[in-house]
Amino acid sequence: KLGFKIIHSTVKLLPAWHEILEALKMRVTTLPWDVSTCWNSTFDMVEYALRNREAIDAVTQRQDLGLRQLELTDHEWVIAEQLQDILKDATLFFLRSTPNLATVIPAMDLIDEKLTTYSLNASFLPSIRVAVGLAKKTLNRYYQLTDTSEVYHIAMGEFLS
């Protein structure tokens, strides 16, 4: 939500974001957002947020910008770090040249379990739960593709009709 708001507010929020980055002597960049065709875009967003935490905290704390509802607590930043680790491990795992169904399916199940836990945790801001929910939805799109894979059905002892 933060990235979308900043990118689409070219008169108020985007210039403020650039000013904050410059004041912090950080490279002026634009926040990434979720890309439905790129399963690891959630990882990219979390990684960017963690790398630019100081700027994100500064922009959400400015009352004149109206972004206070998107401010993250220290606990939520810790969860973001954990989520980054999970998504990074998954990215590296799936980029290996040797993953097979016997290792991919349990890995996807574990990732899905973690994402479900985070998305249902009422102690997190709705924005965190929604972001994790989007990651889960993207993962499930890929997970459902196994249903159409002949190799998957053979490995599971099933036959396509």
Peer 1: So how far is it from I111 CD1 to K114 NZ, rounded to the nearest 0.5 Å?
Peer 2: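 So the gap between those two atoms works out to 11.0 Å.
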
Peer 1: Tell me, yes or no, whether the heavy-atom count around Q69 atom CD, taken from other residues, nucleotides or ligands under 6.0 Å, exceeds 12.
Peer 2: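 Counting neighbours around CD of Q69, more than 12 heavy atoms of other residues, nucleotides or ligands fall under 6.0 Å, so yes.
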
Peer 1: How close do P15 and S9 get, counting heavy atoms only, and between which atoms?
Peer 2: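 Smallest heavy-atom distance, with atoms named: CD-O, 3.9 Å.
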
Peer 1: Within a strict 4.5 Å, meaning less than it, do heavy atoms of the L21 and R27 side chains meet?
Peer 2: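 When only atoms from C-beta onward are counted, R27 and L21 do not touch, as no gap falls below 4.5 Å.
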
Peer 1: Heavy atoms, side chains only, cut-off 4.5 Å: are L67 and R62 in contact?
Peer 2: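 No, their side chains stay 4.5 Å or more apart.
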
Peer 1: If you draw a 6.0 Å radius around CD in Q61, do more than 12 non-hydrogen atoms from other residues or ligands fall strictly inside?
Peer 2: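 Check passes, neighbour count above 12.
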
Peer 1: For the pair E76 and T73, evaluate side chain to side chain donor-acceptor pair (under 3.5 Å) and give the outcome as yes or no after the intermediate values.
Peer 2: CA-CA 5 Å; E76 288 166 327; T73 65; 3.3 Å; yes

Peer 1: Can you tell me how far the CG atom of L83 sits from the CG atom of L115, to the nearest 0.5 Å?
Peer 2: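 The CG atom of L83 sits 6.5 Å away from the CG atom of L115.
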
Peer 1: Do M26 and Y48 sit in the same hydrophobic cluster, where Ile, Leu, Val, Met, Phe, Trp and Tyr count as joined when their side-chain heavy atoms come under 4.5 Å apart?
Peer 2: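 Yes.
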
Peer 1: Compare all side-chain heavy atoms of W17 with those of L65 and state whether any distance is below 4.5 angstrom.
Peer 2: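 Not in contact.
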
Peer 1: In Å and rounded to the nearest 0.5 Å, what is the CG to NE2 distance from L13 to H18?
Peer 2: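 Between atom CG of L13 and atom NE2 of H18 there are 11.0 Å.
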
Peer 1: What distance do S119 atom OG and K137 atom NZ have between them, rounded to the nearest 0.5 Å?
Peer 2: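 That separation rounds to 13.0 Å.
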
Peer 1: Could you check whether any side-chain heavy atom of W77 comes within less than 4.5 Å of a side-chain heavy atom of R53, counting everything from C-beta outward?
Peer 2: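 W77 reaches R53 side chain to side chain.
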
Peer 1: Just how far is it from atom CD1 of I20 to atom CD1 of I6, taken to the nearest 0.5 Å?
Peer 2: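 Answer for the CD1-CD1 pair, I20 versus I6, is 7.5 Å.
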
Peer 1: Rounded to the nearest 0.5 Å, what separation is found between the CD atom of E54 and the CG atom of L24?
Peer 2: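 Between atom CD of E54 and atom CG of L24 there are 4.5 Å.
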
Peer 1: With a 4.5 Å cut-off on side-chain heavy atoms, are R68 and T60 touching?
Peer 2: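 Result no, sub-4.5 Å side-chain heavy-atom pair not found.
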
Peer 1: Are D112 and K136 side-chain neighbours, meaning at least one heavy-atom pair lies under 4.5 Å?
Peer 2: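 Of all side-chain heavy-atom pairs linking K136 with D112, at least one is under 4.5 Å.
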
Peer 1: Do the non-hydrogen side-chain atoms of Q82 and Y118 ever get within less than 4.5 Å of each other?
Peer 2: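 In short, these two side chains touch, coming nearer than 4.5 Å.
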
Peer 1: For L70 versus K5, what's the shortest heavy-atom pair and its separation?
Peer 2: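 For L70 and K5, the tightest heavy-atom pair comes out as CD1-CD, 4.1 Å.
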
Peer 1: Do L50 and V46 come close enough that some side-chain heavy atom pair is under 4.5 Å?
Peer 2: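 A side-chain contact exists here, since the closest heavy-atom pair is under 4.5 Å.
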
Peer 1: Assigning hydrophobic clusters by single linkage (Ile, Leu, Val, Met, Phe, Trp, Tyr; side-chain heavy-atom cutoff under 4.5 Å), is L14 placed with V28?
Peer 2: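 Yes, it is one cluster - the side chains of L14 and V28 are joined through contacts under 4.5 Å.
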
Peer 1: Using modelled atom types and a 3.5 Å cut-off, is there a donor and acceptor pairing between side-chain atoms of T117 and backbone atoms of E113?
Peer 2: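 Yes, the answer is positive, given that a donor and an acceptor are paired below the 3.5 Å cut-off.
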
